[in-house]
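The structure appears below as structure tokens.
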Amino acid sequence: MPVRPNRLFARTLLAAAVTSAFPLYALADEPDQATAQESTAKPAQQLETVIVTAQRRAENLKDVPMSVTAIKGDKLDVLTSGGADIRFLAGRSPSLNVESDYGRSFPRFYIRGQGNTDFDLNASQPVGLVVDDIVQESPMLKGFPVFDVDQVEVLRGPQGTLFGRNSPAGVIKFDSAKPVFKTEGYAVLGAGNYGTVNAEGAYNMPLSDTMALRVSLQSQHRNDRVHNPQPNAYTKDFEGYDDNAARVQLLVKPTRDFSALFNVHARDMKGNATLFRANIIKKGTNDLVDGFDYGSYPTDGGNNQTLRTSGANLRLRWDLDGMTLHSITGYEHAYFYSRGDVDGGVGAVYAPPMGPNYPGQPAFIPFTVETADLLPEHHQYTQEVRLESNTKDPLQWMAGVFYFDEHIRIDSISFNTLAPGNPQNAAYATQTQDAKSSAVFGTLTYKLSDQLKVRGGLRYTSDKKDFVAQRFEPPQTSGPLPLHSDSHNISWDGSATYALDADTNLFARVATGYRAPSMQGRLNGLADKPSMAGAEKALSYEAGIKADLLDRRARVSATAFQYRVKDKQLTAGSGTINMNQLINADKVTGQGVELDMQAILSDDWRASLGASYNDTEIKDANLFVQTCGNQPNTNGVNGCTPTGTPGPFPYTQKLNGLPLPRSPKWQTNFTLRYSHALADGELYALTDWSYRTEYNMFLYEAKEYRAKALLEGGLRVGYKWDNGKYEVAAFARNITNRIQVVAAIDFDNLTGIVNEPRNIGAQFRVNF
């Protein structure tokens, strides 16, 4: 069949883009006809087909009409080297950022600039996290270690139809390796600097012709690498951890048409809260002070963190005549305790200089902020029933119902390690929240022709939330102060895929998303009141192209998008105390482009490239927030330097026209893999790099709180032998050891958070 001119033009542009990005491949790609006929070389390699479940069905990635990235295999192995937690995903997919103010717990996700900087334990996020088909609503559930995982999928844009509430920015899906009916498994043991030891393994075995069991385990340990020089300090050593997790799955398949998959999982993590370091930022810049020492942390407060989670789910599947019925039942539980010295320093007023690690920087701590946050009560129950067609007819459909029930209690305790009677006389606040959500949804997909397929989806959601806050300052009490919301929403999406030819698809999608109302009440005084932000609603447009090129030795996906969010939920800092306030902005807009490319450069070389541009803007002429801890500069040593439009009151700034916080405009990621047969095995090396541009740490703009651009890279070099049964590798993460300020606390003492230093180590793996 002849290629039409428009198809030829599109594929020529894509081929030019690939050969420009990967010139090595272009040189090796097109031998002349005579050379090809005479060649006795082995057949050319091809990229493997990527199957995703972004639309709750197993589909070729190329056929899914939305922007999706799948991470698996060697790339996933190298990113998790060194015991990295889930934050390893930051920048490894276009438009994706991940950060945390709590350390290995409570990760915060951002897609296309949309996220939530709220640090309260009931904070909702506009990016949904789904693990083995179970939504993980609580922030404490979102950081479960990544091990024995088959694939990670990043779904960009609203996912309100199939994944429901709290996914207007996108969804990140984790799919664990499932039990199979054969004996197999693996074991990994690694060691590195700072006394790091990582052990991971899985064992899969058939119990009978109808049952198979898979047990997956992970244990991660690191010694303390930061130390407190203060004499008689409450906590002397920091940043060590013990993080253990397990997953047990039982597959029961008594007939060809029915299966039941049982999943039980748990995590036990002990370590430290993130270190907030006072006076580490040079005033008027985002540079670290001269003489900054990562390994030294002078503090007068306590620091420790414990997180325990557990859960179980049951997934049933019946293949019926012309349709398949799914039932997915999930239960999750979490307990959390985290105590840290939030002011990040020593003393309640001017203290002596902190020593040689901060030469000439007085430890100005205008107040004592030492807090502990607890999640003593938490449970989440979910139930989904979904019925879908399984024929090859032009019309495909799906329909389902969903129910969500969550109960949480949060305690926030104010400490002062140096005060008499602490913590017996400490003030504290409590919050309880009960949330229920129910939904009904459906989709239709119709193949109008061999080239054109259209899809539409609809979801109705009903949300109820009851919240109560109280404050106790013995012998006085405030509250209970209740909040209630009852909201309803209809989300929808429509998309189309047009096949230019067998290897090239064009797609377009319009979709809506919805985030339920949010509440919080970390009351700091008897006169404080809880705050609530109303529901936000997103409308997004995107279009793009996905193509396999050069006989499937290269693959390209490119997307352009634009979105608008009405009543966008934002989190404003309160200034001199460790609190947030929820607000709604009239509107937030975003637009940008995303690019994913993979290529086989030659028999020995493979590469991938991802890039994204995100331009976000807050549009609300009347919205303003406090800046720089809401304090004036004192003797030129404290307070930040605002650069935005002043607000109507002192130490405030207007938000109109500013970008969303923690949302860099440009992000890129690159991997290059070399492998070559050597002796009876394979020698390989894989390097990965990510780059992101500047971003504002808070809603407002200030010189000190404008994070600088950051380039980080990793490397893994290894050797496999005996048909891949054995593998030994050395690795390095943040190989340039670039340390800089990546986040801050909104006080007036320039308290910052820095990124992880270089990690190096070695691993041994055996597959069986």
Side-chain angles (χ1 to χ4, degrees), residues 1-26 28-30 43-55 57-72 93-95 153-157 392 394 396 445-456 493-511 541-562 592-601 606-613:
M1 181 176 180
V3 179
R4 296 178 182 174
N6 62 332
R7 298 178 183 176
L8 180 61
F9 178 71
R11 291 180 61 78
T12 300
L13 286 178
L14 288 173
V18 173
T19 54
S20 297
F22 305 122
L24 287 174
Y25 179 81
D29 176 42
E30 299 291 348
Q45 299 180 44
Q46 292 184 328
L47 292 171
E48 62 275 8
T49 299
V50 178
I51 302 299
V52 297
T53 56
Q55 297 187 123
R57 296 176 182 267
E59 298 175 284
N60 188 327
L61 176 64
K62 181 167 61 67
D63 297 329
V64 178
M66 71 176 74
S67 185
V68 181
T69 295
I71 304 173
K72 63 185 304 183
S93 169
S95 298
E153 298 175 21
V154 181
L155 286 55
R156 294 181 284 272
K392 296 183 179 180
Q396 298 293 316
T445 304
Y446 191 74
K447 190 173 183 179
L448 295 172
S449 68
D450 290 341
Q451 288 77 38
L452 181 61
K453 183 186 294 185
V454 295
R455 178 191 179 278
D493 65 72
S495 60
T497 304
Y498 182 80
L500 289 175
D501 54 41
D503 295 319
T504 309
N505 285 346
L506 301 176
F507 72 90
R509 180 174 186 256
V510 56
Y541 304 89
E542 65 180 82
I545 185 169
K546 300 181 181 184
D548 293 330
L549 302 170
L550 307 172
D551 194 23
R552 287 186 59 191
R553 287 175 288 173
R555 180 172 295 142
V556 178
S557 174
T559 306
F561 64 87
Q562 187 177 62
V593 293
E594 295 158 342
L595 177 70
D596 258 329
M597 302 171 64
Q598 301 86 39
I600 299 174
L601 307 179
R606 289 191 176 209
S608 70
L609 175 67
S612 59
Y613 172 78

- Beyond-backbone contact of Leu500 with Leu506, side-chain heavy atoms, under 4.5 angstrom: yes
- Query: So, Arg509 and Ser67: side-chain donor and acceptor under 3.5 Å apart, yes or no?
  - Reply: no
- Query: Just wondering, do Arg555 and Asp596 contact through their side chains at under 4.5 Å, heavy atoms?
  - Reply: no
- Query: Nearest heavy-atom pair of Ala554 and Leu550: which atoms, and what distance?
  - Reply: CB-CD1, 4.2 Å
- Item | Nearest heavy-atom neighbours spanning Glu594 and Ser612 | CG-CB, 3.9 Å
- Item | Value rounded to 0.5 Å, distance of CD in Glu542 from OG1 in Thr559 | 6.0 Å
- Note on the structure: Residues Arg606 and Gln46: closest non-hydrogen pair is NH2-O, 3.9 Å
- Item | Set of side chain to side chain contact (heavy atoms under 4.5 Å, CB included) partners for Tyr541, sequence neighbours left out | Val510, Leu539
- From NZ (Lys453) to OG (Ser495), nearest 0.5 Å: 10.0 Å
- Heavy-atom check, side chain of Leu47 versus side chain of Asp548, under 4.5 Å: no
- Kindly indicate whether the side chain of Val154, heavy atoms from C-beta on, has any atom under 4.5 Å from the side chain of Arg156. yes
- With sequence neighbours left out, the residues meeting salt bridge (charged side-chain N to carboxylate O under 4.0 Å, His left out) with Arg57 are none
- Heavy atoms only: give me the nearest Met66-Ala54 pair and the separation to one decimal. SD-CB, 4.4 Å
- Would you name the heavy atoms of Ala611 and Pro94 that are closest together and state the gap between them? O-CB, 3.6 Å
- Over all atoms of both residues, closest heavy-atom pair of Ala607 and Leu601: CB-CD1, 4.0 Å
- Query: Between OG1 of Thr49 and CG of Leu61, what distance do you get to the nearest 0.5 Å?
  - Reply: 10.0 Å
- Mind checking the CD1-CG spacing from Ile545 to Leu595? Nearest 0.5 Å is all I need. 11.5 Å
- If you measure from CG on Asp551 to CG on Asp503, what distance do you get to the nearest 0.5 Å? 8.5 Å
- Message: Just to verify, which of Val64, Thr497, Asn60 counts as forming a side chain to side chain contact (heavy atoms under 4.5 Å, CB included) with Lys546?
- Response: Val64
